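Shown next, in structure tokens, is the structure this report addresses.
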Amino acid sequence: MFKYPLSLENHWLHHAIWPLTELQQQWLFGTGSLTAKLKANTNQFSVEVLSEKHMMLTESDALMCGLAVQNVLVREVLLMGNGQAQVYAQSWIPTDLLDNDLSLAALGDRPLGEYLFQHADLIRNTIEVAQFSVSHCLLQLVKSLNLPAACCYGRRSVFSLAEHKIMVCEIFLPNSVLYR
Ligand SMILES: C=C(O[C@@H]1C=C(C(=O)O)C=C[C@H]1O)C(=O)O
């Protein structure tokens, strides 16, 4: 059995080195809210919270995302649509930001995107992509969801909100609309 948080270790790239359809290009590199896109392209959208743990970022994780070593809430969710898990998402939310914003601290099963994209000063930094092979630990989650074992595409980016930086990683699970 796997434990949360799941590792996001991978070869993250600024450009896909594998063929992408036009739709996949749009979904992976689109700078808008994934929540909004899923709501527009699937039925019965919802967020299922898998785990939320307060952790100290490791130096390598912090360096990888250009963040300072700091306490974060590691939030892991499934974004549901069409009656199945479409996306596994892992976000690192600075504890300092949570301490300053009770609405974020009490997010629960409301989508993080609805909080982030309401801020006019939100900046989304570079989007990186990666392929998650069937040997990646993520596939243990895929298996537990009774989804077919298949290579998945993921993306990650860091949002800047005033002096805070929030890392958001989204991995499109097998059978998601990304692969239709
Ligand atoms: C950042 C967004 O929020 C989405 C919702 C998340 C959550 O509720 O934890 C995490 C990642 C995103 O897929 C978005 O909608 O783009």
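Counting convention: from 1, in listed order, for ligands and their atoms alike. What you see is a predicted model, and the numbers here were worked out from it, not measured in a lab.
Heavy-atom contacts of F117 reach the following atoms of ligand 1: 16 (O) (cutoff under 4.0 Å). Close approach of ligand 1 to P111 (heavy-atom distance below 4.0 Å) involves ligand atoms 8 (O). Which parts of ligand 1 touch V77 is read off a 4.0 Å heavy-atom cut-off, strictly below it: atoms 7 (C), 9 (O). Listed by atom number, the atoms of ligand 1 under 4.0 Å from S91 heavy atoms are 10 (C). Listed by number with element, the atoms of ligand 1 under 4.0 angstrom from any heavy atom of A89 are 10 (C), 11 (C).
Every residue two or more places apart in sequence or in another chain that forms a ring pair (Phe, Tyr, Trp, His ring centres under 6.0 Å) with Y179 is listed here: Y153.
Between the side chain of Q70 and the backbone N or O of A68, at least one donor-acceptor pair lies under 3.5 Å. Between the side chain of N125 and the main chain of V158, a donor-acceptor pair closer than 3.5 Å is present. Counting only distance, with no hydrogens or angles, the side chain of R155 and the backbone of C169 share no donor-acceptor pair below 3.5 Å.
Of the N or O atoms in R75, one or more lie within a sub-3.5 Å distance of an N or O in ligand 1.
Assignment of V168 to the shell around ligand 1 is supported, since a heavy atom sits closer than 4.0 Å.
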I would like to know whether F2 and Y4 meet ring-ring contact (aromatic ring centres under 6.0 Å, His included); could you show each step before the answer? CA-CA 7 Å; F2 54 88; Y4 297 115; 5.4 Å; yes

Run the side chain to side chain contact (heavy atoms under 4.5 Å, CB included) check on R156 and W12 step by step: do they pass? CA-CA 8 Å; R156 77 178 181 187; W12 291 96; 3.2 Å; yes

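Residue contacts with ligand 1, taken as heavy atom pairs separated by less than 4.0 Å, do not involve L107 at all. Here E114 has no heavy atoms under 4.0 Å from ligand 1, in either its backbone or its side chain.
Using a 3.5 Å distance cut-off with no hydrogens or angles, the side chains of Q90 and W92 do pair a donor with an acceptor.
For atom 8 (O) of ligand 1, the closest heavy atom belonging to the protein is L112 N, 2.8 Å. Looking only at protein heavy atoms, the nearest one to atom 3 (O) of ligand 1 is G113 N, 2.8 Å. Looking only at heavy atoms of the protein, atom 13 (O) of ligand 1 is closest to E170 OE2, 2.7 Å. In terms of protein heavy-atom proximity, atom 4 (C) of ligand 1 is nearest to T35 OG1, 3.4 Å.
Linking ILVMFWY side-chain heavy atoms closer than 4.5 Å, directly or via other members, places F172 and V134 in two distinct hydrophobic clusters. Under the 4.5 Å side-chain heavy-atom criterion for Ile, Leu, Val, Met, Phe, Trp and Tyr, V129 and L38 are members of the same hydrophobic cluster.
Of the listed options L79, T31, L34, L34 places a heavy atom closest to atom 14 (C) of ligand 1.
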